Amino acid sequence: MSHHRMILSRSWTLVKHFEGAPKPSDFKLKEVGLSPIKNGEVMLEAEYFSVDPYMRPYSKHMMKEGDVMIGTQVARVLESKNSEFQVGSFVLSNAGWTTHSISNGKELTPLLANWPAHIPRSLALGTIGMPGLTSYFGLHEICCAKKDEIVLVNGAAGAVGTIVGQIAKIIGCKVVGSAGSDDKVQYLKEIGFDEVFNYKTVSSLEEALKKASPEGYDCFFENVGGEFADVALLQMRKYGRIAVCGAISLYNDTVPRKGPYVHYPLIFQELRMEGFTVQRWLNRYNEGLEKLMQWVVEGKLKYDEHITKGFDNMPSAFIGMLKGDNIGKAIITAK
């Protein structure tokens, strides 16, 4: 009789729904032994984890208290009884914040074929993954950014913002970014943004936006919400487009904020403001991923990862990301 070593899976669960900013006591580490895999199943071991802003608002809608935290991981196939997945191959899995999991393969996505050896696989969670696709499709399909147009992006040093700015430069736009520290401002200038300012230290947001682009903005890639959006809307040029991707400044609010209504700028400047989530372009993911990979390999798309070592530190990495501790994509290594 063959002896089967039971695999212990460790998971971060949500103790109670977040109220205000997430805190360490909202999470609990659970361990569970996984039974042997059945026909058609694979056993996965996580290699890289992702923490993303969407987890904060989505946890409310998609999770019950006690559930494993939602999220995507790059995982290695440890054992396989499914001919589509070879042992040792790598996949994207939606198993969440868990070190080991069993899957029937239906929810798994193999990494992009011919992934170059010198490109970190963690990029499948960032530049060559969901944030990259969000930037690519949001900029092309919602902002409809064209050469010589002026693009504004806030949260510009985050996983999405850094990519949006660089793709806008590839298109041939003038790019203005807003971020929350001088280090971030410096980094964004290094990767090719034309104008960048620290929204926390400028005396007037309106003045900063006017100084960066006196003639206004054709496209606004919106990741932040709140006061920034109110001020930026008034700087849009005629027929401008606003792609509403996120609203990180609002995610921890316990009481909904009130701000000026959007009607006047929308009407007077004939603006188009559209929200989106990247799943809309699911059938075009490969087109996007191949383009993103090509740009990374060519050196046109630089990536910066904020790497936290060790699964035990996942809650603090999540909390830090929501506070803006990271430049570029926040990644956690399993070990």
Side-chain angles (χ1 to χ4, degrees), residues 1-14 29-52 54-55 58-59 62-64 66-117 119-133 278-279 282-286 288-290 292-293 305 307-312 314 317-318 329 331-335:
M1 184 185 128
S2 73
H3 175 69
H4 188 277
R5 180 175 67 91
M6 183 179 269
I7 290 191
L8 200 63
S9 175
R10 307 172 69 220
S11 302
W12 281 109
T13 61
L14 180 69
L29 194 54
K30 280 220 170 108
E31 296 196 341
V32 55
L34 297 179
S35 40
I37 58 170
K38 304 186 191 64
N39 279 335
E41 291 184 333
V42 293
M43 173 77 72
L44 301 172
E45 178 176 47
E47 182 185 32
Y48 296 108
F49 297 96
S50 176
V51 286
D52 302 276
Y54 78 82
M55 294 169 176
Y58 275 59
S59 63
M62 291 178 62
M63 294 178 63
K64 300 185 304 296
D67 286 354
V68 174
M69 276 296 295
I70 53 175
T72 310
Q73 53 174 252
V74 171
R76 189 167 67 90
V77 178
L78 271 189
E79 301 169 26
S80 178
K81 292 189 176 178
N82 181 324
S83 57
E84 285 180 48
F85 299 95
Q86 304 308 309
V87 170
S89 65
F90 290 88
V91 296
L92 280 175
S93 157
N94 294 323
W97 300 17
T98 190
T99 59
H100 297 80
S101 57
I102 293 172
S103 167
N104 61 11
K106 288 188 176 55
E107 298 297 306
L108 303 179
T109 315
L111 247 55
L112 199 59
N114 310 318
W115 191 280
I119 304 290
R121 277 188 294 271
S122 50
L123 262 58
L125 298 170
T127 305
I128 309 168
M130 182 274 289
L133 293 166
V278 69
Q279 285 78 11
L282 196 57
N283 64 340
R284 290 176 59 191
Y285 274 14
N286 262 13
L289 293 172
E290 278 165 20
L292 292 159
M293 175 64 88
E305 296 179 296
I307 296 178
T308 302
K309 285 209 185 310
F311 181 71
D312 288 355
M314 202 146 172
F318 177 60
K329 180 77 188 84
I331 291 287
I332 297 88
T333 58
K335 296 186 170 75

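Atoms considered below: every heavy atom in the structure, side chains included; atoms not considered: hydrogens, waters and symmetry mates. None of these values were measured; they are calculated from a predicted model.
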> Could you walk me through whether Val74 and Leu92 pass the side-chain contact (heavy atoms from CB on, under 4.5 Å) check?
Replying inline: CA-CA 5 Å; Val74 171; Leu92 280 175; 3.9 Å; yes
> Within a strict 4.5 Å, meaning less than it, do heavy atoms of the Ile128 and Ile119 side chains meet?
Replying inline: yes
> Do Ser9 and Thr98 have side-chain N/O donor and acceptor atoms under 3.5 Å apart?
Replying inline: yes
>> Working note: Val77 + Asn82, criterion side-chain contact (heavy atoms from CB on, under 4.5 Å); need CA distance, chi angles, decisive distance, verdict.
In response: CA-CA 10 Å; Val77 178; Asn82 181 324; over 6 Å; no
> How long is the gap from OG1 on Thr13 to CG on Leu29, to the nearest 0.5 Å?
Replying inline: 8.0 Å
>> How long is the straight-line distance from OG of Ser93 back to CD1 of Ile102, given to the nearest 0.5 Å?
In response: 12.0 Å
>> Keeping Lys329 on the side-chain end and Val51 on the backbone end, is there a donor-acceptor pair under 3.5 Å?
In response: yes
> Between the side chain of Trp12 and the main-chain N/O of Phe311, is any donor-acceptor distance below 3.5 Å?
Replying inline: yes
> Quick one: does Arg10's side chain get under 4.5 Å of Asp312's, heavy atoms only?
Replying inline: yes
>> Could you measure the distance from the CZ atom of Arg284 to the CG atom of Leu133? Nearest 0.5 Å is fine.
In response: 10.5 Å
> Could you state the interatomic distance from OG (Ser59) to NZ (Lys64), rounded to the nearest 0.5 Å?
Replying inline: 13.5 Å
> Any idea which heavy atoms bring Leu112 and Leu289 closest together, and the distance?
Replying inline: CD2-O, 3.8 Å
>> Suppose the criterion is side chain to side chain donor-acceptor pair (under 3.5 Å): which pairs have a residue in residues 99-113, not counting sequence neighbours?
In response: Glu45-His100
> Quick one: does Ile332's side chain get under 4.5 Å of Thr308's, heavy atoms only?
Replying inline: yes
> Are the side chains of Ile307 and Tyr48 in touch, meaning some heavy atoms are under 4.5 Å apart?
Replying inline: no
> Looking at Ile37 and Lys81, what are the two nearest heavy atoms and their distance?
Replying inline: O-NZ, 3.4 Å
> Would you call Met55 and Trp97 a side-chain contact if the rule is heavy atoms closer than 4.5 Å?
Replying inline: yes
> Leu111 and Ala124: which non-hydrogen atoms are nearest, and at how many Å?
Replying inline: CD1-CB, 3.9 Å
> More than 12 non-hydrogen atoms from neighbouring residues, nucleotides or ligands closer than 6.0 Å to OH on Tyr58, yes or no?
Replying inline: no
> If you measure from CG on Leu125 to OG1 on Thr72, what distance do you get to the nearest 0.5 Å?
Replying inline: 6.5 Å
> Should Met130 and Asp52 count as side-chain neighbours, where that means a heavy-atom distance under 4.5 Å?
Replying inline: yes
> Which pair of non-hydrogen atoms, one from Gly96 and one from Gln73, has the smallest distance, and what is that distance?
Replying inline: O-NE2, 3.0 Å
> Quick one: salt bridge (charged side-chain N to carboxylate O under 4.0 Å, His left out) partners of Arg121, sequence neighbours excluded?
Replying inline: Glu47
> Where do Met314 and Ser50 come nearest, in terms of heavy atoms and distance?
Replying inline: CE-O, 3.8 Å
> What closest approach, in Å, do Val42 and Ser80 show between heavy atoms, and which atom pair accounts for it?
Replying inline: CG1-OG, 3.5 Å
> Would a 4.5 Å heavy-atom cut-off, applied to side chains only, mark Met63 and Met69 as touching?
Replying inline: yes
> Does the side chain of Leu44 reach to within under 4.5 Å of the side chain of Phe85, using non-hydrogen atoms?
Replying inline: no
>> Once rounded to the nearest 0.5 Å, what's the spacing between atom CD1 of Ile70 and atom CE of Met62?
In response: 5.0 Å
